[in-house]
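Only one structure is covered here, and it is reproduced in the block below.
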Amino acid sequence: MLKDTISPRDAQWREALRKEKTARERSATPRVKMTELAPDYRVTCNEEVNCGLSASQAYTESTRCLDCPDPQCVTGCPVGINIPGFIKNIERGEIAEALCVLKETSALPAVCGRVCPQERQCESRCIYNKMKKEPVAIGYLERFAADNGVTGNEPERPVANGHKVAVVGSGPAGLSFAGDMIKRGYEVTVYEALHQIGGVLKYGIPEFRLPNSIVEREIDALARLGVKFVKDCVIGKTLSYDDLMNEGYEGIFVASGAGLPRFMGIPGENLIGVLSSNEYLTRINLMGAGHGGDTPVPAGKRVAVIGGGNTAMDSVRTARRMGAEKAMIVYRRSEAEMPARVEEVHHAKQEGVEFMTLSNPVEYLADENGKVRAMRVQRMQLGEPDASGRRSPVPIPGAIDEIEVDLVIVSVGVSPNPLIPNSFAGLDITSRGTIAVNDDLRSSIHTLFAGGDIVRGGATVILAMGDGRNAAASMHQQIQENSNR
Ligand SMILES: Cc1cc2nc3c(=O)[nH]c(=O)nc-3n(C[C@H](O)[C@H](O)[C@H](O)COP(=O)(O)OP(=O)(O)OC[C@H]3O[C@@H](n4cnc5c(N)ncnc54)[C@H](O)[C@@H]3O)c2cc1C
């Protein structure tokens with residue numbers, strides 16, 4: 001659904017802009033290339049790899065957008081951002097206005113502009129694909145507007161409506177829910193189990209892809225609006241559901257994510273030097289293990305990362321920055337089936353990561369101290385498509401190699417955090433361990449709503465954020481209805 005309350009297509013300025021250049025002129029312009037740090041430099045540090053667009057690059061790219069009457073890019077965006085609306089504001093030089101258009105539907109545009117899989121979403125529906133041209137760089141432009149459209153004006157504190165709500169978890173779902181509810185006048189308290197706010201945006205996605213300062217900016221903005229953050233508070237342990245209700249909250253939004261790592265159940269997974277991506281990345285990103293820290297991680301020289309998703313790419317690229325001489329992705333299907341973003345795979349390759357596709361570890365072998373020294377890898381071939389629609393990997397009989405490794409990072413998926421599902425009596429849980437909700441994101445407990453990865457299993461930032469917004473709308477309606485009775 002296209003939100004066009006701020007910059008409708010029939011606005012005079014937009015009609016005038018369309019006449020300034022013909023579609024032929026616009027489509028003749030090649031897609032802009034974003035500057036990146038050189039691979040041999042960036043593996044020595046944690047600096048952000050993508051450098052963003054300059055103002056003139058952003059203008060040029062914005063002129064490529066044809067401002068289609070029926071923009072299909074919008075249908076590819078899980079939260080229905082008015083994409084031509086924000087891009088045309090960039091073209092006319094109104095960057096703050098472009099950001100307003102983005103903020104209508106997206107609580108975290110600076111984050112989404114950096115980590116959303118645009119190539120599979122909005123950009124995959126751009127009209128240019130049909131014209132056999134490269135799509136408009138919507139993600140780059142979103143990032144540009146989010147980074148450059150901030151006015152510095154202090155947001156006005158909303159008038160309190162006298163109602164209190166709580167949020168469990170401070171990832172993108174929890175933050176976007178909190179933002180929408182505080183703007184409606186609610187007193188909002190976010191409870192976070194960890195000692196930092198941000199969820200995966202902080203503990204998972206590394207600094208070289210999403211700098212913490214970007215996430216902090218969004219958190220500061222919420223705090224200035226009046227959102228209260230309580231850290232180091234594990235709901236279900238430190239405080240129970242009854243404790244929260246006794247605090248007078250009229251609604252609770254659970255956004256506790258899917259942070260429970262999965263393992264493959266193969267021999268040797270308990271050896272020293274075999275750990276999950278979650279542990280590896282959290283220790284480095286949140287606990288300073290990259291610079292010694294209280295909980296250092298082993299700095300392997302020959303590192304194997306098992307899996308082909310974003311988490312695997314983040315881990316293997318982190319391993320290169322931690323000094324790995326050989327850093328390998330071990331993935332059971334071929335590169336075409338990899339779920340990771342294309343850009344991440346490309347960047348990993350540039351940084352010297354080796355891709356061992358059609359390969360599946362079957363055992364880890366120990367040295368005399370119980371530390372991993374090698375892995376046995378089964379070579380695979382592709383068979384018929386499985387339930388996911390991807391061709392399934394089939395072992396090639398007898399094709400097993402032994403490969404020397406000193407650190408293995410297992411990144412084969414995550415499950416929902418089980419604490420809330422296990423500790424809130426009367427909460428319906430699905431067979432996958434996620435919280436069951438209806439279309440309004442309401443659970444079997446009337447006052448409890450849920451969204452993000454705790455409902456979807458491992459998904460994406462924008463979907464989590466969209467759930468936060470939808471749950472806020474539903475909870476608001478419920479509280480209003482109750483108080484009008
Ligand atoms: C390494 C990595 C890279 C990723 N890369 C991308 C990407 O490039 N693009 C993309 O779109 N998606 C990516 N994802 C997925 C995306 O980050 C998640 O889908 C998204 O963060 C889910 O948001 P959420 O708010 O539901 O949960 P989370 O971000 O997981 O936040 C949940 C929060 O709840 C807290 N919590 C849990 N239990 C409790 C409790 N009992 N009490 C209090 N607090 C609790 C947790 O500590 C956590 O802070 C990536 C994920 C990982 C792990």
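For reference, positions follow the sequence shown, starting with 1. Counting convention: from 1, in listed order, for ligands and their atoms alike.
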Residue, atom and distance of the protein heavy atom nearest atom 25 (O) of ligand 1 read Ala173 N, 3.0 Å
A student comparing Ser176, Gly174, Ser256 should find that the heavy atom closest to atom 39 (C) of ligand 1 comes from Ser256
Quick check: does Ile420 get an N/O under 3.5 Å from an N/O on ligand 1? no
Could you find the nearest protein heavy atom to atom 3 (C) of ligand 1 and give me its residue, atom name and distance? Asp314 OD2, 3.2 Å
Charged N to carboxylate O under 4.0 angstrom, Arg469 versus Asp180? yes
Using modelled atom types and a 3.5 Å cut-off, is there a donor and acceptor pairing between side-chain atoms of Tyr128 and backbone atoms of Arg64? yes
Residue-level breakdown please: for Thr311 versus ligand 1, do any non-hydrogen atoms fall below 4.0 Å on the side chain, on the backbone, on both, or on neither? both
Can you figure out which of Ile454, Asn422, Val200 has its heavy atom closest to atom 28 (P) of ligand 1? Val200
Is there a heavy atom in Gly259 that sits closer than 4.0 Å to ligand 1? no
Axial cation check for Tyr186 ring with Lys164, 6.0 Å and 45° limits: no
Does Ser176 use its side chain to pair, donor to acceptor, with the backbone of Pro172 at less than 3.5 Å? yes
Looking only at protein heavy atoms, which one is nearest to atom 27 (O) of ligand 1, and how far off is it? Gly257 CA, 3.5 Å
For ligand 1, which atoms, with element, lie under 4.0 Å from some heavy atom of Val168? 40 (C), 42 (N), 43 (C)
Pairs of nitrogen or oxygen atoms closer than 3.5 Å, one from Ala459 and one from ligand 1: do any exist? yes
Between the side chains of Glu337 and Arg391, is the shortest nitrogen-to-carboxylate-oxygen separation below 4.0 Å, so that they form an ion pair? no
Check each heavy atom of Leu281 against ligand 1 and say whether those closer than 4.0 Å belong to the side chain, the backbone, both or neither. side chain
Kindly identify the option in Gln121, Arg341, Glu192 whose heavy atom sits closest to atom 35 (C) of ligand 1. Glu192
Relative to atom 24 (P) of ligand 1, which among Pro172, Gly199, Pro206 owns the nearest non-hydrogen atom? Pro172
Nearest non-hydrogen protein atom to atom 32 (C) of ligand 1, with distance, is Ala255 O, 3.4 Å
Any sub-3.5 Å donor-acceptor pair from Arg143's side-chain atoms to Arg114's backbone N or O? no
For the side chain of Arg42 and the backbone of Val49, is there at least one donor-acceptor N/O pair under 3.5 Å apart? no
Would you call Glu335 and Lys349 a salt bridge, taking side-chain N to carboxylate O under 4.0 Å as the test? yes
Checking a contact table here: which protein heavy atom is nearest atom 11 (O) of ligand 1, and how many Å away? Val461 N, 3.0 Å
Is a salt bridge present between Arg31 and Glu123, judged by a nitrogen-to-oxygen distance below 4.0 Å? yes
Ligand 1 versus Thr460, non-hydrogen atoms closer than 4.0 Å: side chain, backbone, both, neither? both
For ligand 1, does Arg209 get within less than 4.0 Å through its side chain, its backbone, both, or neither, judged by non-hydrogen atoms? side chain
How far apart are the C-alpha atoms of Thr311 and Tyr280, what are their side-chain angles, what is the distance that settles it, and do they pass the side-chain hydrogen bond (donor to acceptor under 3.5 Å, both in side chains) test? CA-CA 11 Å; Thr311 311; Tyr280 184 68; over 6 Å; no
Please list the nearest protein heavy atom to atom 45 (C) of ligand 1 with its residue and the distance rounded to 0.1 Å. Ala193 CB, 3.7 Å
For Cys233, which part has a heavy atom under 4.0 Å from ligand 1: side chain, backbone, both, or neither? backbone
Ligand 1 atoms nearer than 4.0 angstrom to some heavy atom of Leu194 are 47 (O)
Would you kindly check if the NZ (Lys) or CZ (Arg) of Arg317 is within the cone defined by 45 degrees around the ring axis of Phe208 and under 6.0 Å from the six-membered ring centre? no
For atom 42 (N) of ligand 1, closest protein heavy-atom neighbour: Ile235 N, 2.9 Å
Taking both backbone and side-chain atoms of Asp453, is any N or O found less than 3.5 Å from an N or O belonging to ligand 1? yes
Under 4.0 Å from a heavy atom of Tyr191: which atoms of ligand 1 are those, numbered in the order shown and with their elements? 43 (C), 44 (N)
Within a strict 4.5 Å, meaning less than it, do heavy atoms of the Glu48 and Pro206 side chains meet? no
Under-4.0 Å salt bridge between Arg209 and Asp314: yes
Considering both backbone and side-chain atoms of Gly458, is one of its nitrogen or oxygen atoms within less than 3.5 Å of a nitrogen or oxygen in ligand 1? no
Derivation of the side-chain contact (heavy atoms from CB on, under 4.5 Å) call for Ile462 and Gln121: CA-CA 11 Å; Ile462 193 140; Gln121 298 178 345; 4.0 Å; yes
Which atoms of ligand 1 have any heavy atom of Gly452 under 4.0 Å away? 26 (O)
Derivation and outcome, side-chain hydrogen bond (donor to acceptor under 3.5 Å, both in side chains), residues Arg333 and Thr357: CA-CA 6 Å; Arg333 301 180 201 249; Thr357 51; over 6 Å; no
Do Lys231 and Glu192 sit within salt-bridge range, that is, some charged N less than 4.0 Å from a carboxylate O? no
In ligand 1, the atoms that come under 4.0 Å of a heavy atom of Leu419 are 41 (N)
Minimum-distance protein heavy atom relative to atom 4 (C) of ligand 1: Ile205 CG1, 3.7 Å
Would you kindly specify which portion of Val115 sits under 4.0 Å from ligand 1, judged on non-hydrogen atoms: side chain, backbone, both or neither? both
